[in-house]
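Structure, as structure tokens:
Excluded from the calculations below are hydrogen atoms, water molecules and symmetry mates; all remaining heavy atoms, backbone and side chain alike, are included. Order of the sequence lines sets the chain letters (A, B, ...), proteins ahead of strands, with each chain counted from 1.
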Amino acid sequence: LLFFRARPSFTRMKTLPVNQEKLFAQVIKAALPEVRKLWEDGDDFLPPNKEDIHCPEEIVFRPEVGRSYYQCQPHLWQCYWQGGLKTNPSLEVKISGETFHIVATAHAPAAPALSERARFIELTKRQGVGLNQSYGYVVELEVKEIPGQSQTVFLGDSCRDTYLPQRIYGYGKVEDRKSEGFLWDNFNRHIFIDKFYVSNQQYNDYLIATKSLIPIVKDRKLWPEPAAVSAENQKAYCQFFGKRVLEAKLFDAATMTPTDAKNPFPERVIRPATPWQRDLSKTFLGMSRINPDYQLSPLDCQLAQVKGCAPKFFTTDSATWMGMNFALGFFPEHLPNSIEPNKNLKVSSRFEVASSPWHELGRRSSWNGSQDAEKPMTAFRCSEEIIP
Amino acid sequence: MKFLFFLLFMSHWSLAAAPGQWAAAQAITERHEFYKDDEAMEKPKGSWEHLFSIRFPSRNLRNLKDCVYYRVPGIEKAELRIRTFPDATKCDLKAPALKEIVVTDLKSMIFSANDSEAKLHLRFSKNKSETWTIETPAKQAESGPKLLQSSSDYKSASVLLLSKTLDDSPAQLLKDGEACFKVSELCAPMGESLCQHCANGWYEIPTGCKTGPKFCGTVDCGTRNQPACLRGKKYQRRDAEYECRRDSSFAYCQKGLTLQCEGNMAYCR
């Protein structure tokens, strides 16, 4: 019986280094997964009761804004560390049975356009030969239990874009069934496409980083909404980050779901009318064309936000086969077109009724490049190509 | 003034931990040719030897390196000097460095170093000793990006340690229009790609080669008097040799423009 008794368990504790510098380095290394969690899954750190968010100069909560807005979000990082989400913020790390508390410091000067507070995070662009990353965010961390030391840490913009697999793609609509239309391929090219439109918040941060004279959008409620800027400024924005404005043929590739995603050399490249259903007539958009009394369901509005849907931003319900959002509906989008230059605008948007013929992949109109107060605003996003 | 700056960042250590910036080490380079791992360094007595360098990112994302020097004990005592330079600069014991750490009170030292890890075993007087280990992150697999992977995750780990040192030497980024990847008429790459050093992205001029020449900046490909746009060489599902004048289907121009070859480079007119 003695043999079967419950025995106290002993875990062999590894001794911690006595040297404070060594201990600090060890604690910081162990804290990196937690740091990454706060950065990439910032939405998980929002309090359940949104009235408990106390950083109105950084984040104003709106229920219509999806969780993705808070991921890799420098303003959530700022809010968290200035105590806007919880009092005495810290990240806890346990090493060899001892608990350490990681805190960020406000190492960067205040951005007066945003607030008077010193910044806990700074957008940094590489100005010489260095890291593979050409830009990112720089933060400074300390360990409460080991005073007098700090570590500078780089946070990459890792929630922003998604990879376009290498395969044969089709561009635009094909009217003649016998024709293959315009085909192209991206073999040996690493292309990444922004998942969402460039937001006012992202554009503001770029204006601040470049010390631009263009005024920022001050209303925090509008920060998650798409930035309404001219085609020229869109180009300059993307270029600053080593990217370019997403072009029409890449948009088609990202939205036209391949019949067999595993076969990069399909015998026939189809041009589906929507990202989620090849045949338009089987979708709510097709049904709306036939039935003028069609009632939009919440699911319809998740797939494509059309006229009559409640506005939502940074949602992922419309994600395409490769992870890009907002293929149909939502906002009109500028898509520079190197094949047919005057077809550079995706018209399908929340400003068009569900029965509108514009709600089809590959159907585009023309945009003159300036935001017109009389017309719906035109959104944009960037893409980047990396040399293999 | 420069001298004053240099003095400010020169520190003398006796018994201490490894310099803090080594936590951010990315690579070990320029290893000493002759000294073997973990062997006593006794010759040439009194000489300064460059053992290896450690590359790490600066606070402003540029590459720096610590050149690790050791004075072999002779008439003078053993000494370790760690001198920080921009990565592109040659290690030099006498040139002004961004920062210098001098470790005195040393009796002897042995080291080991390979591409990913280095160790310094320091023996001080009064039988005290210290081991400094420098580890670099595991290299990412060289397979291409995966579905749903972000560009930042593909380029490197998305959370990285940086050193506190700021490299504020003049920007060395390539300007718009500068060639960042050269390819000969016979399709042979001439040197490595420097396109990651372009200030504002890069573009490729399509040729029949596997990869065409690349330049910094952006162009509106396919428009009049600009390079043609890349279309790919596999969408036609046939194995073919492409040469601009014979078969230019690897590139395209806007509707209404004609593709013209200049050498093997495709332009739109």
What residue in [options] has the most heavy-atom pairs under 4.5 Å with chain A?
{"options": "Gly201(B), Ala199(B), Ser158(B)", "answer": "Ser158(B)"}
{"options": "Leu230(B), Asp87(B), Leu257(B)", "answer": "Leu230(B)"}
{"options": "Gly256(B), Cys268(B), Pro145(B)", "answer": "Pro145(B)"}

Option in Phe265(A), Trp184(A), Phe154(A) with maximal non-hydrogen atom pairs under 4.5 Å from chain B: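 The answer is Phe154(A).
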Closest-packed option against chain B by number of heavy-atom pairs under 4.5 Å, given Thr162(A), Val35(A), Leu183(A):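 Counting heavy-atom pairs under 4.5 Å, the top option is Leu183(A).
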Contact origin within [X] toward chain B - heavy atom pairs under 4.5 Å:
{"X": "Lys235(A)", "answer": "side chain"}
{"X": "Ile28(A)", "answer": "side chain"}
{"X": "Val138(A)", "answer": "side chain"}
{"X": "Arg189(A)", "answer": "side chain"}
{"X": "Leu131(A)", "answer": "both"}
{"X": "Gln166(A)", "answer": "neither"}

Under 4.5 Å from any heavy atom of chain A - which part of [X]:
{"X": "Pro57(B)", "result": "side chain"}
{"X": "Ser163(B)", "result": "backbone"}
{"X": "Cys221(B)", "result": "both"}
{"X": "Asp168(B)", "result": "neither"}
{"X": "Phe56(B)", "result": "neither"}
{"X": "Ala23(B)", "result": "side chain"}
{"X": "Trp22(B)", "result": "neither"}

Measure the [atom1]-[atom2] distance between [X] and [Y] for me, rounded to the nearest 0.5 Å.
{"X": "Asp185(A)", "Y": "Lys233(B)", "atom1": "CG", "atom2": "NZ", "answer": "9.0 Å"}
{"X": "Thr218(B)", "Y": "Arg244(A)", "atom1": "OG1", "atom2": "CZ", "answer": "6.5 Å"}
{"X": "Ser152(B)", "Y": "Tyr135(A)", "atom1": "OG", "atom2": "OH", "answer": "7.0 Å"}
{"X": "Tyr154(B)", "Y": "Glu384(A)", "atom1": "OH", "atom2": "CD", "answer": "12.0 Å"}
{"X": "Ser150(B)", "Y": "Asp157(A)", "atom1": "OG", "atom2": "CG", "answer": "8.0 Å"}
{"X": "Tyr252(B)", "Y": "Ile339(A)", "atom1": "OH", "atom2": "CD1", "answer": "4.0 Å"}

Pairing residues for Glu247(A) by the side-chain hydrogen bond (donor to acceptor under 3.5 Å, both in side chains) criterion, not counting sequence neighbours: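 Checked Glu247(A) against side-chain hydrogen bond (donor to acceptor under 3.5 Å, both in side chains); matches are Lys249(A), Ser338(A).
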Test side-chain hydrogen bond (donor to acceptor under 3.5 Å, both in side chains) applied to Tyr171(A) - qualifying residues, sequence neighbours left out: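 Tyr171(A) satisfies side-chain hydrogen bond (donor to acceptor under 3.5 Å, both in side chains) with Asn337(A), Glu340(A) only.
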Carboxylate-amine/guanidinium proximity below 4.0 Å for Arg59(B) and Glu122(A):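 No, Arg59(B) and Glu122(A) are not salt-bridged.
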Is there a donor-acceptor contact under 3.5 Å linking the side chains of [X] and [Y]?
{"X": "Ser150(A)", "Y": "Lys164(B)", "answer": "yes"}
{"X": "Asp161(A)", "Y": "Ser151(B)", "answer": "yes"}
{"X": "Ser156(B)", "Y": "Gln133(A)", "answer": "yes"}

Evaluation steps, side-chain contact (heavy atoms from CB on, under 4.5 Å), between Leu160(B) and Leu155(A): CA-CA 7 Å; Leu160(B) 284 172; Leu155(A) 304 175; over 6 Å; no
Intermediate values then yes/no, salt bridge (Lys or Arg N to Asp or Glu O under 4.0 Å), Glu130(B) and Lys22(A): CA-CA 11 Å; Glu130(B) 184 83 15; Lys22(A) 272 190 180 172; 3.6 Å; yes
Atom of Arg237(B), atom of Glu180(A) and distance for their closest heavy-atom approach: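 In this case the closest contact between Arg237(B) and Glu180(A) is NH2-OE2, 3.3 Å.
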Pi-cation contact, Phe182(A) with Arg231(B) (under 6.0 Å, within 45°):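 Yes, a cation-pi geometry.
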Residues Lys29(A), Glu135(B); criterion side-chain contact (heavy atoms from CB on, under 4.5 Å); working and verdict: CA-CA 12 Å; Lys29(A) 217 172 170 186; Glu135(B) 285 168 340; 3.2 Å; yes
